[in-house]
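Quick note on labels: first sequence line is chain A, next is B, and so on, each numbered from 1.
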2 protein chains.
Amino acid sequence: MPRISFGSTVRQKRVERQIGLREFAKQIGVSPTYLSKVERDEFAPPAEDKVVRIAQLLELDRDALLALAGKVASDVQDIIRRHPVETASFLRSTKGWTAERLAAFVKDAARKHKA
Amino acid sequence: MPRISFGSTVRQKRVERQIGLREFAKQIGVSPTYLSKVERDEFAPPAEDKVVRIAQLLELDRDALLALAGKVASDVQDIIRRHPVETASFLRSTKGWTAERLAAFVKDAARKHKA
DNA sequence: GCGGTCGTTTAGTATATAGTTCACGTTCAA
DNA sequence: TTGAACGTGAACTATATACTAAACGACCGC
């Protein structure tokens, strides 16, 4: 499990926004009981669509929250599967990179794509 | 399902190498019955470790075969989760790219990483 | 015409994933 | 002092995933 868990992050942000557990559960589309256990990491994080909904409601980055949930967005997985060999190779080569270095590459990629 | 399926690919390569179903199943660590159904796409592709084992035995690229199985290697998923925002952003920006363009980027990444 | 191999059919099973329902104790406002 | 909202505990449940075992008919060598 990551240093900071999915559950505790959700709880912190939800409480910060003063949304009740029942109210929030309703907005996500799950039972309050379930949400309670998820927030205390007694249950594993919910399915992708629920995680995405939570990210929207709490204004968190969906990819970041999915990562906390131990998942990778399904659209991203689809992209990887289009060119799995090249993509996997690239990703493995970035294994030791910092977020900053990666961010620079993203910029570069976007620029080159336009050209 | 992809244009060419996981099952048919495995069967073709296995037959090509003249390995019997029972023999191959044994090497993978599954029952012949199961392998038979997987190869005719009656059952979904097996778990990641089995797919990787198949790739080894048939000398196929593991990431390519995993993609055919509708999966992404777990080590690659782990890498994505280290910097999910940047990585997802990058991958989405490569959505329309050809394999060649991606390959060039991989090379570039490797070169820059050394420096 | 029997023993061994081939792939296949039918009918299951174990475990994980993703949740639910109902009932409970606490706190606070009217 | 009741009732409305809060979060929680215990006990299930449904569906999907990832398989297995037993038996079957076709073929092949001897």
Side-chain angles (χ1 to χ4, degrees), chain A residues 1-2 5-58 62 65-74 77-78 81, chain B residues 1-2 5-58 62 65-74 77-78 81:
Chain A
M1 35 203 136
S5 75
F6 175 83
S8 62
T9 300
V10 172
R11 171 144 299 188
Q12 191 215 302
K13 294 291 175 186
R14 175 178 64 76
V15 170
E16 199 173 294
R17 290 182 165 245
Q18 313 206 54
I19 310 171
L21 183 88
R22 278 179 169 80
E23 167 66 14
F24 195 54
K26 198 175 177 182
Q27 287 174 20
I28 299 164
V30 297
S31 70
T33 312
Y34 179 60
L35 180 59
S36 172
K37 298 198 169 231
V38 167
E39 284 188 350
R40 285 172 298 116
D41 301 304
E42 196 180 312
F43 276 7
E48 179 171 355
D49 60 330
K50 306 296 195 304
V51 174
V52 168
R53 186 96 188 88
I54 291 169
Q56 284 171 350
L57 292 167
L58 298 178
R62 77 186 218 131
L65 195 62
L66 281 168
L68 264 183
K71 299 173 196 290
V72 171
S74 52
Q77 302 213 34
D78 290 343
R81 285 200 298 268
Chain B
M1 33 201 140
S5 74
F6 175 82
S8 62
T9 300
V10 171
R11 172 145 298 190
Q12 192 214 301
K13 294 290 175 187
R14 175 179 65 77
V15 169
E16 198 172 293
R17 291 183 165 244
Q18 313 205 54
I19 310 171
L21 184 88
R22 279 178 168 81
E23 168 65 13
F24 196 54
K26 198 175 179 183
Q27 286 174 19
I28 299 163
V30 298
S31 69
T33 311
Y34 180 60
L35 180 59
S36 172
K37 301 201 163 227
V38 167
E39 284 189 350
R40 286 172 297 120
D41 301 304
E42 198 179 311
F43 275 8
E48 179 171 355
D49 60 330
K50 307 293 195 305
V51 174
V52 168
R53 186 95 187 91
I54 292 169
Q56 284 171 351
L57 291 167
L58 298 178
R62 75 187 220 130
L65 196 63
L66 280 168
L68 263 184
K71 299 174 196 290
V72 171
S74 53
Q77 301 214 35
D78 289 344
R81 285 200 298 269

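Under the side chain to side chain contact (heavy atoms under 4.5 Å, CB included) criterion, B:Gln18 pairs with no residue at all, not counting sequence neighbours. B:Glu48 pairs by the side chain to side chain contact (heavy atoms under 4.5 Å, CB included) definition with B:Val52, B:Leu66, B:Ala73, B:Ser74, not counting sequence neighbours. Not counting sequence neighbours, the partners of A:Glu39 by the side chain to side chain donor-acceptor pair (under 3.5 Å) test are A:Arg11, A:Arg14. For B:Asp78, the side chain to side chain donor-acceptor pair (under 3.5 Å) partners at least two apart in sequence or on another chain are B:Arg81. With sequence neighbours left out, B:Asp49 forms a side chain to side chain donor-acceptor pair (under 3.5 Å) with no residue at all. Applying the side chain to side chain donor-acceptor pair (under 3.5 Å) test to B:Ser36 and every residue at least two apart in sequence or in another chain returns B:Arg40.
Taken residue by residue, residues 23-39 of chain A places heavy atoms nearer than 4.0 Å to DNA chain D at A:Thr33, A:Ser36, A:Lys37. Scanning residues 44-51 of chain B for heavy-atom distances under 4.0 Å to DNA chain D yields B:Pro46, B:Ala47, B:Lys50.
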Assess whether side-chain contact (heavy atoms from CB on, under 4.5 Å) is satisfied between B:Leu65 and B:Ile54, documenting all intermediate values.
CA-CA 9 Å; B:Leu65 196 63; B:Ile54 292 169; 3.8 Å; yes
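Note that CD1 of B:Ile19 is 12.0 Å distant from NZ of B:Lys13, once rounded to the nearest 0.5 Å. Between the CZ atom in B:Phe6 and the CG atom in B:Asp41 there is a gap of 9.0 Å [rounded to 0.5 Å].
In this structure, A:Arg40 reaches the sugar-phosphate backbone alone: every heavy-atom distance under 4.0 Å involves primed, P, OP1 or OP2 atoms, never a base.
What you find for A:Pro46 and A:Val38 is that their closest heavy atoms are CD-CG1, 3.9 Å.
Taking every nucleotide of DNA chain C with any atom under 4.0 Å from a non-hydrogen atom of chain B, the first and last of them, 5' to 3', are C:dC6 to C:dT10. Heavy-atom contacts of chain B under 4.0 Å fall on DNA chain D between two terminal nucleotides, which in 5' to 3' order are D:dA18 to D:dA22.
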Dot-bracket summary - DNA chain D, pairs being Watson-Crick or G-U whose distances fall under 3.5 Å, with | when paired to another strand:
||||||||||||||||||||||||||||||
Return all side-chain donor-acceptor pairs below 3.5 angstrom for residues 21-32 of chain A, not counting sequence neighbours, or 'none' if the list is empty.
residue	atom	partner	partner atom	Å
A:Glu23	OE2	A:Gln27	NE2	2.5
A:Ser31	OG	A:Tyr34	N	3.2

